[in-house]
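Report on one structure; see the data block that follows.
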Amino acid sequence: MASSARSSHVAELYRAIYAVVRRIPAGRVATYGQVSALAGWPRAPRIAGNALHALPEGSRVPWHRVVGAGGRLSLARISPHGALTQRMRLEREGVRFTRRGRVDLGRHRFQRGRRP
DNA sequence: GCGGTGACGGTCG
DNA sequence: CCGACCGCCACCG
């Protein structure tokens, strides 16, 4: 039903995406594809990106907990500085990065193998 | 209404 | 590992 109410107002979709991102706890991350799927749109990872890009500054949505496939910081493509902020925030929450600057998804992925 | 674009993802060389 | 392509869906001029 509502999972694919395409003709509905886009604001609802964005809201659904923000709602998903809000439930990602500190110390964990989710990919754009994961977020879109949890929001009911498994084939629209780009929409999740658009939604986060449209976020007003100062919003309580923890956008830094959303990363690209493989744990890459997609934000770096348009804003290296923003990516640095993202990494800093994540590391502050205890998220580990690999030498190549990727989040260790095996350990921090949201709703995945919960480490002991 | 159309073509180009993008904080994506997956495949191929 | 990296770059090039393609598929996907909403946004923008």
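Below, all heavy atoms of this structure are taken into account, side chains as well, without hydrogens, waters or symmetry copies. Residue numbers start from 1 in every chain, and the chains themselves are labelled A, B, ... in the order their sequence lines are given, proteins ahead of strands. No experiment lies behind these values; they were computed from the predicted model shown.
- The shortest distance between side-chain heavy atoms of A:M88 and A:L84 does not fall below 4.5 Å.
- Following rounding to the nearest Å, A:R43 (CZ) and B:dG10 (P) show an atom-to-atom distance of 11 Å.
- For DNA chain B, no neighbouring residue in residues 16-25 of chain A is found when judged by any heavy atom under 4.0 Å.
- At a threshold of 4.5 Å between side-chain heavy atoms, the hydrophobic network of Ile, Leu, Val, Met, Phe, Trp and Tyr places A:W63 and A:L90 in two separate groups.
- Residue A:N50 has its side chain nearest to C:dA10 when only B:dA7, C:dA10, B:dG9 are considered.
- You'll find the side chain of A:S36 stays beyond 4.5 Å of the side chain of A:I17, heavy atoms only.
- Under the 4.5 Å side-chain heavy-atom criterion for grouping Ile, Leu, Val, Met, Phe, Trp and Tyr, A:V95 is not connected to A:L75 through any hydrophobic cluster.
- We find that CG of A:L55 is positioned 18 Å from P of C:dA10, with the value rounded to whole Å.
- Among all heavy-atom pairs drawn from A:V66 and A:T31, the shortest one is CG1-C, 4.1 Å.
- Heavy atoms only, all atoms of each residue included: A:G71 and A:V67 are closest at CA-CG2, 3.9 Å.
- Looking at the side chain of A:R46, the nearest of the listed nucleotides C:dA10, B:dA7, C:dC8 is C:dC8.
- Remark: P of B:dC8 and CH2 of A:W41 are 18 Å apart, rounded to the nearest angstrom.
- Heavy atoms of A:R77 sit nowhere under 4.0 angstrom from any nucleic acid atom.
- Listed nucleotides: C:dA10, B:dG9, B:dA7. Nearest to the side chain of A:T31: B:dG9.
- Closest heavy-atom contact between A:R28 and A:Q111: NH1-N, 4.0 Å.
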(Q) Only Watson-Crick and G-U wobble pairs with both distances less than 3.5 Å should count. Give DNA chain B in dot-bracket notation, marking inter-strand partners with |. (A) .|||||.||||||
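- Linking ILVMFWY residues whenever their side-chain heavy atoms come closer than 4.5 Å, directly or via other members, places A:V35 and A:F110 in the same cluster.
- Side-chain atoms of A:V20 and A:Q34, non-hydrogen and from C-beta on, never get closer than 4.5 Å to each other.
- For A:Y14, whose side chain is taken as the heavy atoms from C-beta onward, the closest listed nucleotide among B:dA7, C:dC9, C:dC11 is C:dC11.
- For the pair A:R87 and A:F97, the cation-pi criterion (under 6.0 Å, within 45° of the ring axis) is fulfilled.
- Listed nucleotides: C:dC9, B:dA7, B:dC8. Nearest to the side chain of A:A44: C:dC9.
- A straight line from CG of A:L13 to C1' of C:dC8 spans 13 Å, rounded to a whole angstrom.
- Nearest heavy-atom pair across A:A54 and A:Y14 is CB-CE2, 4.0 Å.
- Each of A:L73 and A:Y32 belongs to its own hydrophobic cluster when Ile, Leu, Val, Met, Phe, Trp and Tyr are linked at side-chain heavy-atom distances under 4.5 angstrom.
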Between N or O atoms, less than 3.5 Å apart, protein on one side and nucleotides 1-5 of chain C on the other: list the pairs.
residue, atom, partner, partner atom, Å
C:dC1, OP2, A:R100, NE, 2.8
C:dC1, OP2, A:R100, NH1, 2.7
C:dC1, OP2, A:R100, NH2, 3.1

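- Closest approach to the A:L52 side chain among B:dA7, C:dA10, B:dG9 is made by B:dA7 (side chain taken as heavy atoms from C-beta onward).
- Going from atom CD1 of A:I47 over to atom P of C:dC12 covers 11 Å, rounded to whole Å.
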